Amino acid sequence: MIPYGRQDICESDIDAVIDVLKSDFLTQGPRVPDFEKSVATKVGASHAVAVNSATSALHIACLALGLKPGDRLWTSPISFVASANCGLYCGAIVDFVDIDPETYNMSPVALEKKLQAAEADGTLPKVVVPVDMCGQSADLREIRALADRYGFKILEDASHAIGARYDGHYVGDGRYADITVFSFHPVKIITTAEGGLAVTNDKDLAQTMSLLSSHGITRDPALMTGEKDGAWYYQQIELGFNYRMTEMQAALGISQMARLDDYVARRAALAERYDRLLEGLPLRRPRQMEATASSWHLYIIQLHDASQHNSVFDSLRDAGVGVNLHYIPIHRQPYYQRLGFSAGDFPAAEDYYTRAISIPLFPTMTEDQQDYIVSRLRGLLTGARA
Ligand SMILES: *Cc1c(COP(=O)(O)O)cnc(C)c1O
């Protein structure tokens with residue numbers, strides 16, 4: 001089976017992890033701060049906080065942004081459930097903003113409409129979580145303008161988008177978002193096995209997230225109440241968690257970061273090739289906005305004929321093509337249905353779900369594999385012989 005995504009681990013990655021295993025620190029050593037610096041420097045952010053997953057990063061980011069019980073968080077229904085769950089962890093009320101069917105990202109038009117209605121009945125969100133779907137930045141310039149007008153914070157879920165650019169700058173540089181979160185799960189652009197990281201240009205947000213990632217404990221006298229009892233002293237000043245990244249993960253991350261631009265370039269070349277090869281087939285290819293340069297975590301097509309969705313999907317799997325579907329609209333999950341969401345709430349997202357297929361894309365995929373995938377798809381959609 002050709003997988004839809006897969007990590008690339010080379011000898012230098014393996015050596016970097018082995019070095020850590022032979023060193024004094026398996027956790028809370030020098031590699032995690034080095035990894036944080038490496039990502040912050042690369043994307044042009046002032047601060048980075050590495051943790052054990054993007055899910056954890058989203059959680060502590062929401063807390064740092066002051067999301068409290070009864071507050072509102074809005075995100076895109078076409079995302080992984082973690083984009084919404086982070087709001088529920090904080091006791092907030094989660095709601096969704098429908099997508100733009102061409103980019104699969106949160107629609108700024110739908111967002112503005114919903115904000116106008118919310119302003120009228122006093123239900124404005126405190127945090128909005130735009131998702132950089134597939135690695136293409138959400139329309140953050142528009143969303144920033146709305147944030148300034150309606151007073152919400154932007155927590156950008158860039159789990160797909162490390163190495164992507166917006167307006168020529170790396171995603172995560174903080175010119176539009178208050179906090180940006182990356183994921184390093186093995187299917188993503190670079191990996192630390194499990195792992196996530198939040199970047200921000202706000203020193204206080206970074207400090208709060210850092211505290212929350214490790215029990216709310218500090219050894220910094222400047223943050224303590226009163227004097228230190230002695231050299232051993234630390235204080236718990238917030239209710240935090242153990243969300244720490246290990247040294248092995250950080251070493252792998254540092255090693256992978258060296259190849260970030262190569263990975264993105266290879267993914268972009270394969271995506272461009274898909275664009276060419278799929279031209280003329282009865283499907284919609286992912287539209288790219290002018291301001292964006294995607295990191296191409298995913299290449300998602302939408303079939304014109306939704307009635308073929310299941311059969312095309314199954315036939316591709318039968319042919320050894322590991323297609324997938326990103327994502328089941330979050331509000332259609334049973335847990336969210338129990339919270340009161342219904343079918344029909346976000347029609348663009350639901351229509352997308354009846355047509356979308358993620359076809360394989362990863363940096364070590366060969367052109368032969370890609371040709372095979374396209375010929376199978378062509379055969380299924382046009383009856384041509386594969
Ligand atoms: C992968 C992913 C997450 C969660 O990342 P983890 O590191 O696995 O916790 C969150 N949001 C989106 C959009 C993702 O793709």
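Ligands are counted one by one from 1 in listed order, and the atoms in each one are counted from 1 as well. This is a predicted model, so every value here is computed, not measured.
Atoms CD and NE2, on Q302 and H309 in that order, are 9.0 Å from each other to the nearest 0.5 Å. From T191, atom OG1 reaches atom CD1 of I9 across 6.0 Å, with rounding to the nearest 0.5 Å.
Residues with a heavy atom under 4.0 Å from ligand 1: S53, A54, T55, S79, F80, A82, S83, V131, D157, S159, H160, S183, K188, G195, Y327.
Note on ring orientation: taking the six-membered ring where Trp is involved, the planes of F80 and Y327 are tilted (angle from 30° to 60°). Between Y336 and F341, the angle of the ring planes lies from 30° to 60°, which puts this pair in the tilted group.
The pair R165-D173 does not count as a salt bridge, with every side-chain nitrogen at least 4.0 angstrom from each carboxylate oxygen.
Two residues are said to be in side-chain contact when any heavy atoms from C-beta on lie closer than 4.5 Å; Y263 and I190 meet this criterion.
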